[in-house]
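These notes are about the structure you will find just below.
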Amino acid sequence: MATATETTIAQKLEALLKLQTIDSALDNIKKVRGDLPEEVRDLEDEIEGLQTRLAKFQSEVENFETQISNYRNSKRDSDKLIAKYKEQQMNVRNNREFEAISKEIELQGLEMEIADKRIKEIDFKILNKNDEIAGVESNLFERSKDLELKKKELQVIIAESEEDELKSLKDRDKALKFVDARLLKSYDKLRGNARNGLAVVMVKRGACGGCFSSVPPQRQTDIKDKKKLLVCEHCGRIFAGVEDVIPPPEKEKKTRTTKASLAAAAALAAAAPIIE
Ligand SMILES: [Zn+2]
């Protein structure tokens, strides 16, 4: 017959493990969404950057066009001056006046040549800039398509997990009512410190389900008894029980322990059913 205290500890552990299972499920939901919101944000940032660059290039082209129009105006002015000078040359009184006006005409002619040269140069710059603009525009088009897809994907994932999330949150509220307030404090602290979000673990194959340090057989028996609250001596995680030993599978299954398999083992430990 179990005493009242025994029942309480076992119940406390059961409640904690239930909370852990729900929280691990919630962690997984966040993990699945994890990357997508960031990818969407990254794309939005990239598109904003491209739009800024496009606007800058476009204003550069406008600036070039203004320069061309200025050169054309000055060419027209030179043209008018040359016509005026030529008329003046008809009425000169001496050779010296004629020569002076000829020099002015020559000067204006040079100005016009320079303007033509500059216009050609700027035309070339506009051509290049338009190429760059076309490149940015096509990039922008592609990225916008990507963004649209990612956004849709995110919407689907959120819609898919929203129900699970709401259910888990509801379950969590219910589960919380059975968790001892003092234990909850340690639980929250442990979870906050643990990278894998595990505060309550099972002993699995003789090791802590959180940090994989081995647990001596006598301690395992104590944990199984659930007469007191026992924590891992290495990581401080709360032991909820000892998982039934499953007969070891074929030899080929005995592969090297990788980080990934450790993480998988931890996730399994968290999701393990409560052992009576
Ligand atoms: Zn541990």
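Both counts, for ligands and for their atoms, begin at 1 and track the order of listing. This one's a predicted model, so the numbers in the text were calculated from it and none came from an experiment.
- With the Zn ion (ligand 1) as the vertex, SG of C211 and SG of C208 span 110° to the nearest 10°.
- Within the 4.5 Å cutoff, the side chain of M112 has heavy atoms near those of the I82 side chain.
- Residues F64 and I68 fail the side-chain proximity criterion, which asks for heavy atoms closer than 4.5 Å.
- In this structure, SG of C232 and SG of C235 enclose an angle of 110° at the Zn ion (ligand 1), rounded to 10°.
- Looking at E44, E46, E148 one by one, the single match for salt bridge (charged side-chain N to carboxylate O under 4.0 Å, His left out) with R143 turns out to be E46.
- Between R191 and Q20, some side-chain heavy-atom pair lies under the 4.5 Å cut-off.
- Among the backbone and side-chain atoms of H234, none of the N, O or S atoms lies under 2.8 Å from the Zn ion (ligand 1).
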